[in-house]
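Both ligands and their constituent atoms are indexed starting at 1 by order of listing. Hydrogens, waters and symmetry mates are skipped; everything else that's a heavy atom, side chains included, is used.
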Amino acid sequence: MSETSATNEQFDLVVVSNRLPVDRIIDADGSAAWTRSPGGLVTALEPVMHAHGGAWVGWPGMPDVEVEPFDEGGIRLVPVPLSADDIEQYYEGFSNDTLWPLYHDVIASPRYHREWWDAYKSVNQRFTDAVAEVASGGAVVWVHDYQLQLVPKLLREARPDLTIGFFNHIPFPPYGIFSQLPWRTRIVEGLLGADVIGFQRQADAVNFQQAVRRLKGYPTRRGHIEVPVVDETPGVRVYGPIKPTGPIRTVVAREFPISIDASIYDELARRPDIQERARQLRADLGDPRVIIFGVDRLDYTKGIGHRIKAFGELVADGEVTVGDVVLVQVASPSRERVVPYMELRDEVELMVGRLNGDYSTIGHSPIAYYHQSFPREEMTAFYLAADVMLVTALRDGMNLVAKEYVASRFDDDGVLILSEFAGASDELTRAILVNPHDIEELKRAILRAMELPKRERKSRMRQLRKRVFDNDVAKWSNEFLEELAKARAAAND
Ligand code: GDG
């Protein structure tokens, strides 16, 4: 990717997320370069920014990188540098070892450290300063995700002329869990700085509204929250509703289920070279009758262990035969310096090693496991080759992998097994829905998916495709930006 440094121009649309869509890397020859950064947020936002233009503020993915803003594909990229300490405390610490487990049903135990919170506050302030500098007068600013929950309030204080949206890509937990957080009121106040707060599921929006009522006492009604312009109880826990005495503003908090650019996957999957690659993958795997596929960041929320356990029991019980059926699991490397992620890797790889050690034949293994990232073309070839797609998240904001699989299946074939704890299950109701904690149910679902008659597979996949194509990422971003435009119009009234 080339980079041209840019001037102090300002923009009418500014997106801000922890990571830029590109990561700074150092090549083998020691020179600096950029690559696409991983994960669902970038997958979703990249097409939006290419359609609308504007500036994108975020961290370039490496410590202590001071790079001037530059243009890439019609977008101004504005790097916010983070030091090694910031990364340890704000990113790996507060974001990924406090908020991430807390917001995902405490699947792992959140750790609360006051110095991590201090780092979170100061990095949120730096992101705010960077946005305030590139946003033009009256601009729309769209803040993304749990790493930046204080930005809406800080930004409103610095630049009251802006219209501010916030979108939470991960779940928002029930109050009984959220209330563990020592800084819960500060987080709610931070978010309420936005005009529109978007969540993946209705349940997340309801949880947030409850936290607002419990911690701030503000009235909430059908996704509208009445927030006093001047907070009369900053940081104070209130009991029961309060009646604001001064002027109020209305904050919208509701669901905007995120999606993908479905046509990209459909087009890739229709390419002859990718179809040939899918055939090649099947041949390389020893031409099994059934390929079961899973692809996730290696994260404890994704239920990778549960799926290996269920599949392993089917192998052990002789209900699936090695060579006839193979589970391909791509576990892309993620957050490798955070302790629970190191432990998870050991746990998963022990399970894979044991199962393969016990049941492999010469030439065939039950699981083909890859702790690697693959290019999007290769992923699409895997989606096409997969007779059964396994998404067993224990808690997931949406899960774009499920939608990518469906978008790739232009042949209307393939069966999606989908956890009811992934946001995608609200829409993709024609998948085989499972509770991944119920290993017996998961085993039955795998057997059923493998044997589902072609007619039923096609009918289900057609309905799933309709949902994914009718509700793609362009619709998601348009609806969110329209809601923000309404908020701006109301504020100017
Ligand atoms: C968060 C929320 C929400 C993964 N491995 C490879 C690869 N990927 C791509 C997938 C997909 C993305 O990464 C993962 O998105 P998910 O939605 O499944 O999960 P998170 O990263 O946890 O995303 C999630 C999302 O934000 C959006 O709001 O849905 O709930 O947790 O696009 O394809 N892509 C390539 N190679 C890999 O090895 N090319």
Q. Do the ring centers of F167 and W476 come within less than 6.0 Å of each other?
A. yes
Q: Could you list which atoms of ligand 1 come closer than 4.0 Å to a heavy atom of Q200?
A: 3 (C), 28 (O)
Q: Could you tell me whether K403 approaches ligand 1 through its side chain, its backbone, both or neither, with non-hydrogen atoms closer than 4.0 Å?
A: neither
Q) Y265 to ligand 1: N or O pair under 3.5 Å? A) no
Q.
Any salt bridge linking R337 with E92? Criterion: basic side-chain nitrogen under 4.0 Å from a carboxylate oxygen.
A. yes
Q | Ring centre gap for W100 and H104 strictly below 6.0 Å | A | yes
Q. N/O of N399 under 3.5 Å from N/O of ligand 1, yes or no?
A. yes
Q | Numbering as shown, the atoms of ligand 1 that approach E404 to under 4.0 Å (heavy-atom distance) | A | 10 (C), 11 (C), 32 (O), 33 (O)
Q | Contact partition for L400 relative to ligand 1, non-hydrogen atoms under 4.0 Å | A | both
Q: Decide whether an N or O pair under 3.5 Å exists between V330 and ligand 1.
A: no
Q. Does any N or O atom in D396 lie less than 3.5 angstrom from one in ligand 1, N or O only?
A. yes
Q | Intermediate values then yes/no, salt bridge (Lys or Arg N to Asp or Glu O under 4.0 Å), D195 and R156 | A | CA-CA 10 Å; D195 297 287; R156 178 168 295 280; 2.9 Å; yes
Q: Among residues two or more places apart or on two chains, list those pairs meeting salt bridge (charged side-chain N to carboxylate O under 4.0 Å, His left out) that have a residue in residues 167-176.
A: none
**Q.** Close-contact set for ligand 1 against R297 heavy atoms, below 4.0 Å
**A.** 20 (P), 21 (O), 22 (O)
(Q) Measuring centre to centre across the rings, with the benzene-like ring taken for any Trp, is W59 within less than 6.0 Å of Y91? (A) yes
Q) With W183, which of W116, F178, Y120, F94 fulfils ring-ring contact (aromatic ring centres under 6.0 Å, His included)? A) F94
**Q.** Numbered atoms of ligand 1 (with element) below 4.0 Å of V401, judged on heavy atoms
**A.** 10 (C), 18 (O)
Q: Under 4.0 Å from a heavy atom of S373: give me the atoms of ligand 1 that qualify, with their elements.
A: 38 (O)
Q) Out of curiosity, is W100 lining ligand 1, as in a heavy atom under 4.0 Å away? A) yes
Q) Does F256 have R254 sitting over its ring (NZ/CZ under 6.0 Å from centre, angle to axis within 45°)? A) yes
Q.
Please compare S332, P171, A393 and report which has the shortest non-hydrogen distance to atom 6 (C) of ligand 1.
A. S332
(Q) In terms of relative ring orientation, are Y370 and F382 parallel, tilted or perpendicular, with 30° and 60° separating the classes? (A) tilted
Q: Decide whether an N or O pair under 3.5 Å exists between F374 and ligand 1.
A: yes
Q: Mark up the atoms of ligand 1 that fall under 4.0 Å of a heavy atom belonging to P375, in ascending order.
A: 39 (N)
Q) Do any N/O atoms on M398 end up under 3.5 angstrom from N/O atoms on ligand 1? A) yes
Q: Could you tell me if any non-hydrogen atom of E378 lies under 4.0 Å from any atom of ligand 1?
A: no
Q) How are the rings of H306 and H437 set to each other: parallel, tilted or perpendicular (split at 30° and 60°)? A) perpendicular
Q) Considering only heavy atoms of R376, which atoms of ligand 1 have at least one such atom less than 4.0 Å away? A) 39 (N)
**Q.** Exceeds 12 heavy-atom contacts within 6.0 angstrom, atom CZ of R279
**A.** yes
Q) Looking at G397, which atoms of ligand 1 are within less than 4.0 Å of one of its heavy atoms? A) 30 (O)
Quiz: residues 141-148 side-chain donor-acceptor pairs under 3.5 angstrom, not counting sequence neighbours:
from : atom 1 : to   : atom 2 : distance (Å)
H144 : ND1    : H169 : NE2    : 2.9
D145 : OD1    : H169 : N      : 2.9
Y146 : OH     : N96  : OD1    : 3.0
Y146 : OH     : R335 : NH2    : 3.2

